[in-house]
Structure formats: structure tokens, C-alpha cells
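Here is the structure we will look at, set down as C-alpha cells.
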Number of protein chains: 2
Amino acid sequence: MSLHEADIHSGAGERPAAGEEGARGRFDRIYHVLRTRICLLDYPPGSRLREEDLADEFGISRTPIRRVLVRLETEGLLRSVHGVGTIVTDIDVEELAQVYQLRVELAELIGKLSPIAPDASKIAAFRGMLARCDGLLEQPDPREFARINMDFFHLLNSLTGNEPLREIAERLYYQTTRIWLKTASRLSQYEEVLQNEITIFHREVADIVSAVEVGDLEAVGHIRRSHISMSFLRLRNESRS
Amino acid sequence: MSLHEADIHSGAGERPAAGEEGARGRFDRIYHVLRTRICLLDYPPGSRLREEDLADEFGISRTPIRRVLVRLETEGLLRSVHGVGTIVTDIDVEELAQVYQLRVELAELIGKLSPIAPDASKIAAFRGMLARCDGLLEQPDPREFARINMDFFHLLNSLTGNEPLREIAERLYYQTTRIWLKTASRLSQYEEVLQNEITIFHREVADIVSAVEVGDLEAVGHIRRSHISMSFLRLRNESRS
DNA sequence: TTTCCGCTAGTTGTGCACATCATCATGGCC
DNA sequence: GGCCATGATGATGTGCACAACTAGCGGAAA
């Protein structure tokens with residue numbers, strides 16, 4: 001039944017052979033590239049993605065590109081309209097309130113459902129994240145901030161062994177993460193807000209690293225929960241001003 | 001923004017025109033049909049779905065069918081392998097333990113996140129569900145049991161206004177609902193188990209209807225939570241015997 | 001001047017032919 | 001007699017041409 005076992009054949013690799021990649025690997029690669037572009041606002045909300053352009057860029061035809069776009073559409077990041085185009089969904093703070101509510105609840109579950117006790121290398125990864133935050137604090141940059149935030153999320157997500165939970169938390173994260181860059185870039189006191197946000201994020205990372213070091217994953221969940229909640233409230237207040 | 005409003009034009013409908021359906025409507029229709037077939041074991045685990053057969057059945061080509069299959073694959077109900085076919089995923093009680101854990105937690109959230117106070121028609125729908133359970137109790141049938149269970153889930157899901165939660169809960173539900181029919185059909189004491197399970201389900205519905213009638217949606221969540229949890233434990237015990 | 005009709009350009013959706021891949025049967029070689 | 005190679009077969013994946021559809025522009029009529 002299980003087709004998952006790696007086939008150990010005789011000579012040259014018939015499988016993805018180190019350098020190559022199968023159809024599934026290419027799908028994942030393009031999917032992640034496009035998702036990152038959307039969340040870093042390389043494709044701003046409302047902009048159009050021409051299927052043929054993407055096909056040319058990745059050196060394939062429209063067909064496999066469409067698979068990726070369909071996936072991104074089900075995730076809520078795109079919307080394809082017949083005869084019009086494939087446009088990046090616009091997002092609004094109020095519309096994301098429900099997603100944030102759900103993320104708050106799920107954050108706590110990460111420390112409760114099948115928690116994975118972090119080993120030495122994982123703890124090292126957390127400390128490395130803290131170091132990146134130090135650098136960010138000295139040299140603030142919104143794009144780099146978004147990237148670190150993303151990497152930190154994946155690291156946190158790896159603390160639970162519950163795969164469905166990981167998948168869902170990831171999906172919700174990518175539905176909401178754009179909103180900060182979008183609203184912040186339109187604020188007048190942009191520099192101040194960025195610096196402030198980075199400072200708060202640095203504290204969150206420091207707190208969580210402390211909790212990880214002593215192996216208290218439930219505490220990680222609580223810290224994370226409160227920070228997601230507060231982050232949303234700040235966002236809401238800023239967008240109303 | 002909202003394209004959801006029904007267009008009230010002059011004469012003959014330019015939109016889906018009552019009888020017709022757009023590409024998106026057809027997608028949903030076929031998607032639901034196939035999902036139901038999978039969950040009712042019309043397509044048993046391990047069986048193969050030929051894209052061309054499906055294309056012929058629905059009177060279209062392989063292309064739009066593939067969209068549906070890709071979706072069902074991301075939901076975890078199918079698995080397409082190049083050169084082999086698209087096969088219905090096989091499921092195992094132990095593998096679903098994590099999904100059940102998550103469903104247990106989410107069940108409680110339905111009563112907490114943006115609960116919708118049920119109006120008269122909704123309460124009537126719940127009572128109708130109870131009536132269907134009465135009928136089922138007198139004339140046990142596994143397939144009908146699965147159908148009622150499905151409808152009851154959707155009714156419960158409509159009690160929360162949190163759309164992301166509804167979507168996720170639905171996805172997890174359809175990942176797990178097949179397992180009961182599959183394991184039960186292989187038991188020796190099939191009739192007894194079915195009768196017992198229906199009796200318990202009838203109690204659950206009665207309890208929840210009572211809670212809905214007094215408008216206590218948090219209680220609904222708690223009842224639902226405990227029943228999902230116990231249902232999984234029974235399943236696990238039965239499959240081990 | 002304004003409004004409405006229709007045309008054109010451009011995009012996604014669909015159908016079909018072919019490429020790619022895995023499985024299985026078959027036959028020759030050791 | 002057993003084993004490996006090889007081709008036939010049938011499935012999904014890909015590329016391409018065309019259909020369906022929308023938005024915008026332009027011109028003619030009221």
C-alpha cells in the first residue's frame with residue numbers, strides 16, 4: 001500500500017536525481033515563490049497576474065501554472081475572473097478580524113496538541129532568530145521584518161507534531177500577514193511605527209526563546225496568543241487613525 | 001467590492017439564468033458530488049477514478065475535471081500519481097488521531113467565536129433533524145446514518161459566523177467521516193454496533209437540540225466536543241478488537 | 001451634449017493531441 | 001527453470017489552439 005518508501009535502485013537516480021525535480025517539486029517551488037511575492041507585496045493587492053507571463057518566467061506552459069493559481073485562489077490570496085484576469089485579493093483589517101480570532105485560539109493549541117520537545121539544534125535555531133532580531137533592531141527594514149516574522153512563524157509551527165494543525169495555522173498565517181505591510185506603508189509616522197513594532201516583536205521573540213529553552217511549550221502558546229491578539233488590536237487602531 | 005449581490009436586470013437573465021450555471025457553479029456541483037461519493041464509500045478507499053470516465057459522465061472534458069480532482073487532493077481525499085491514476089486515499093484510525101484531536105478543540109470554538117443566535121427556522125431545522133433520527137432509530141441504515149450525520153454537521157456549522165472556522169471544520173470533518181463506515185462494515189457484530197451508534201447519536205442530537213432551543217451555544221460546543229471525543233475512542237476500541 | 005449600442009482587444013476557461021511515466025505481460029538469455 | 005530486459009498498455013501531466021467572456025473605447029443617434 002505505502003508508496004512512500006524511497007526506491008533504492010541500481011545506478012543513476014531515476015527519481016528526482018539530486019539536481020532535478022519532479023512535477024510535484026516544481027509545483028511546490030513555484031507555489032512558494034508566488035506566495036512569498038504576494039505576502040511581501042511584490043504583487044500588491046489588486047494587481048493582475050498574467051498566466052502567460054508567469055509561464056514564460058518559469059519556462060513552462062500555462063497549464064501547470066494554473067494549478068498553482070488555483071491553489072492560491074483556494075487559499076484566498078488570489079481571485080481568478082473569467083475574461084478579466086487573475087488579481088491579488090485586496091484585504092481589509094475588519095474582514096480579517098475573524099481570521100485573527102481563530103489564529104489566537106490555534107496559537108494556544110500548538111503548545112497543547114502533540115508538542116515536540118525541542119532538541120539542541122532547534123533551540124539553537126530559536127537563538128539564531130533572536131540574533132536576527134537584534135540586527136533588525138539596529139537596522140530597521142520592513143521587508144526584512146516581514147521575512148523574519150515569516151521564518152519565526154515556521155519555526156514556532158515546527159513545535160507541534162499535529163500536522164493538520166500546522167497546515168491550518170500556516171494557511172491562516174499567510175492570509176493575514178500581508179495586512180501589516182499594507183497598512184503600515186500608508187501611515188504618516190511610518191518610521192516610528194516600524195521601530196515600535198520591531199521592538200515589540202523583539203520582546204516577543206525573546207520571551208518565547210526563554211520559554212523554549214526551559215521546554216515550556218504551553219507557555220509558548222500563551223505568549224504567542226497574547227501577542228497575536230495585541231498585534232491585531234494595534235493594527236486596528238492604526239488603520240483607524 | 002461585493003460581487004455577491006444578485007443582479008436584478010430587465011428581462012432574460014444574463015447571469016446564471018436560473019437553469020444554467022457558470023463555471024464556478026459547475027465546479028462546486030461536481031466537487032460536492034465526488035466528495036459525497038467518497039465519503040459514502042461509493043468510491044471505496046484504494047479505488048481508482050479515471051479522469052476520462054468522470055469527464056464523460058459530466059459531459060465535459062478532462063480539464064475542468066482535473067480542477068476538481070486537484071482540490072480533492074489538497075483536501076486529502078484523493079492522491080494523483082503520474083502514470084498510475086488518481087486513487088481514493090486509504091485511511092487508518094491511528095492516522096486520524098491528530099485530526100480528531102483538532103476537531104475536538106474546534107468543536108468548542110463554534111459556540112465561542114461569533115456565535116449566531118438561532119432564529120425560529122433554524123430551531124425548526126434542528127427539530128427536523130431530531131425527527132429524522134427518530135426514523136433512523138426505527139429503521140437503521142448505515143448509509144442513511146452517514147447522510148444524517150453529514151447534514152447535522154452542516155447545521156451545527158451554521159451556528160458560527162466565523163467563516164474561516166466553518167471552512168476548516170468542514171474540511172476536517174470530511175477527512176474523518178469515512179472512517180466509521182469503513183471500520184464498521186468490517187465488524188462481525190455489525191448490526192449491534194450500528195444500532196448502538198445510532199442510539200448514541202440520537203442522544204447527542206437530542207441534547208444539542210435542547211441546548212439550541214434555549215440558545216446556549218457554548219453548551220452546544222461542549223456537548224459536541226465530548227461526543228466527538230467519545231466517538232473516536234469507540235472507533236479505536238472497535239477497530240482493535 | 002448625452003446616451004446607448006457595438007466592436008475590438010485582451011484574459012481566463014476548455015478541449016484535444018501528445019509527452020511522460022508506471023505497471024504488467026512476454027520472451028529470450030543465463 | 002528462473003531472471004532480467006523489453007515492449008505494449010493505459011494512466012496522468014503538459015502544451016497549444018480555440019471558445020467564452022469582460023472591460024473599454026468610439027461613433028452614431030436622440
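Any value given below was found using the heavy atoms of this structure, including those in side chains, with hydrogens, waters and symmetry copies removed. First the proteins, then the strands, lettered A, B, ... as listed; each starts at 1.
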Write down the distance between [atom1] ([X]) and [atom2] ([N]), rounded to a whole number of angstrom.
X       : N      : atom1 : atom2 : answer
A:Asp53 : C:dT12 : CG    : P     : 9 Å
A:Arg26 : D:dT14 : CZ    : C1'   : 8 Å
B:Glu52 : D:dG10 : CD    : P     : 12 Å
A:Leu54 : C:dT12 : CG    : C1'   : 13 Å
A:Arg48 : C:dT11 : CZ    : P     : 6 Å
A:Leu69 : C:dT12 : CG    : P     : 8 Å
B:Ile60 : C:dG15 : CD1   : C1'   : 11 Å
B:Arg50 : D:dT12 : CZ    : P     : 7 Å

For the side chain of A:Ser61, starting at C-beta, report the closest nucleotide among D:dC21, D:dT14, D:dT12.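 Of all the options, the side chain of A:Ser61 is nearest to D:dT14.
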Between D:dG15, D:dT12, D:dA20, spot the one nearest the side chain of B:His82, thanks.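 Looking only at side-chain atoms, B:His82 lies closest to D:dT12.
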I want to check one thing: is the phosphate of C:dT14, taken as OP1 and OP2, less than 4.0 Å away from some side-chain N or O of B:Thr63? no
On DNA chain D, more 5' by nearest nucleotide between A:Gly83 and A:Arg62 is A:Arg62
Of A:Val84 and B:Thr86, whose nearest nucleotide on DNA chain D comes first from the 5' end? B:Thr86
If the test is side chain to side chain donor-acceptor pair (under 3.5 Å), which one of B:Thr183, B:Asp90, B:Thr89 qualifies with B:Arg178? B:Thr89
Could you pull out all residues at least two apart from B:Phe152 that satisfy ring pair (Phe, Tyr, Trp, His ring centres under 6.0 Å)?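 Counting only residues at least two positions away or on another chain, B:Phe152 forms a ring pair (Phe, Tyr, Trp, His ring centres under 6.0 Å) with B:Phe201.
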Quick check for you: to the nearest 0.5 Å, what is the distance between B:Leu34 atom CG and B:Phe58 atom CZ?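 Interatomic distance, B:Leu34 CG to B:Phe58 CZ, rounded to 0.5 Å: 5.0 Å.
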Anything under 30° is parallel, anything over 60° is perpendicular, the rest tilted; go ahead and classify B:Phe153 against B:Tyr174. perpendicular
Between the side chains of A:Thr176 and A:Arg103, is a donor N or O closer than 3.5 angstrom to an acceptor N or O? yes
Looking at every strand, decide which applies to A:Ile87 at a 4.0 Å heavy-atom threshold: base, sugar-phosphate, or nothing. nothing
